[in-house]
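Because only heavy atoms are used, hydrogens play no part in the values below, and waters and symmetry mates are left out as well, while side chains stay in. Whatever order the structure lists them in is the order used to number ligands and atoms, beginning at 1. Treat the numbers as computed from the prediction; the structure is a model and nothing was measured.
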Amino acid sequence: MPLHFKPYLNKPSSYKGGKSLSEVSSDKKIYKLSSNENQFGSSPRAIAAMESSLQKLSLYPDRTDHRLCQALEQFYGGTFTAEQFITTNSGVANIEMIMSGFLEEGTECIICNPAFGAYDDFAKKFGASVIDIPLVGEDLHLDVEAILSAINDHTRLIFVTSPNNPTGTYIPKSQVDALIDGVPDHVVVVYDEVYFQFADAEDYIRGIQYVVEGKHVIGVNSFSKAYGLAALRVGYSYSTPEISKYLRQLQRPFMINAVSMDAAIGALQDQEFIHSTVKNIHQERDYLYRQYDRLGIKYWKTQANFILVKPTMHIAEFEETLFCAGIMIRDAGPFGAPGCARITIGTREANELLVKELEHMYPNK
Ligand SMILES: Cc1ncc(COP(=O)(O)O)c(C=O)c1O
């Protein structure tokens, strides 16, 4: 008898994540603008909290995530109880946990490409069918009507992302309202908001209010981006008491390691670091807009810490030329944006180097 491998697991992964610095070799200083990490470092309070937990590495961490959930309850000003938060080893692990709670063979999951590659890849690994309702128009907006008409009895999850990766675009409140009002009760909207700190559009909205109203919404968050703690792998979500209680059953004892938990709790107290990071990102974003306009490079306005651009040359050549100059960027093709590059907003030093290289590539401007 052959082994009973799940047929849908025996397919190559489409989501691989960006390369780390240790995977590339160059004799130049490399500016890694390929994974939307915080280019301005990590929360100092998180680092201080971590240093003290390094003295206790021989001990198991907390059995549960209660301490972090209490810190989150406080951070959200009591809008949610500690039990409404579900913490995981990264945002991506949170997404996987949500899928493992709701998806299986015979179910459907709606995503809207261009989107974060993990949605498609993980959903298929749970045996679900992925229904893609692509973003539409030059401004890449959500096709709410098409999403609502794609829902059927098999639909379990809808993934929407605001600000979105890799486009940097966001979903205005009126569209989120229309989506959530139109979704039937058996479907959960997973509202991925891991870049929310960078959003400054007036009609940007998080998932909080919908959860408060008792809608079937899960807000997904991460400590990897604005807090600058990507290496520690901590993420969390919040949802209604019913959904959170259900998902909590998927948590393992001792799941969040002590160093990461202490760092995340420290980070939540570090609004100063968030303010300075966001200020830097907005300043550099405006600088890059001016340069891209000057050079005639097509780009999409962003609400995140990266900008999607569409170079005129082939994407592989664009990526290679910038890499030779010491800049790593990300081909957004695998995310559903062929011919486009996603470039993390860097420090002024990195951005100036990027612009200098682009000036060589676009010599007539
Ligand atoms: C939209 C989106 N969601 C979730 C994540 C997961 O972040 P992490 O696993 O680092 O917490 C990312 C990371 O790039 C992302 O872009």
> Enumerate the side-chain hydrogen bond (donor to acceptor under 3.5 Å, both in side chains) contacts for residues 317-341, please, sequence neighbours excluded, ordered by first and then second residue.
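For residues 317-341: none.
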> Is the gap between the ring centers of Phe126 and Phe102 under 6.0 Å?
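No, ring centres 6.0 Å or more apart.
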> Return each pair, listed once, that meets ring-ring contact (aromatic ring centres under 6.0 Å, His included) where at least one residue sits in residues 176-214; pairs must be two or more places apart or across chains.
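Listed by first then second residue: Tyr195-Phe306.
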> Could you work out the complete set of other residues in the hydrophobic cluster of Met328, with links drawn between I, L, V, M, F, W and Y side chains under 4.5 Å apart?
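Besides Met328, the hydrophobic cluster comprises Leu21, Val24, Ile30, Phe323, listed by chain and residue number.
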> Compile the protein residues with any heavy atom at a distance under 4.0 Å from an atom of ligand 1; present them by chain, then by number.
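Residue list for ligand 1: Ser90, Gly91, Val92, Ile95, Phe116, Tyr119, Thr161, Asn165, Asp192, Val194, Tyr195, Ser222, Ser224, Lys225, Arg233.
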> Between Arg294 and Glu359, is there a side-chain heavy-atom distance shorter than 4.5 Å?
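Glu359 vs Arg294: side chains touch.
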> Between Lys279 and Glu284, is the closest basic N to carboxylate O distance under 4.0 Å?
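No, Glu284 and Lys279 are not salt-bridged.
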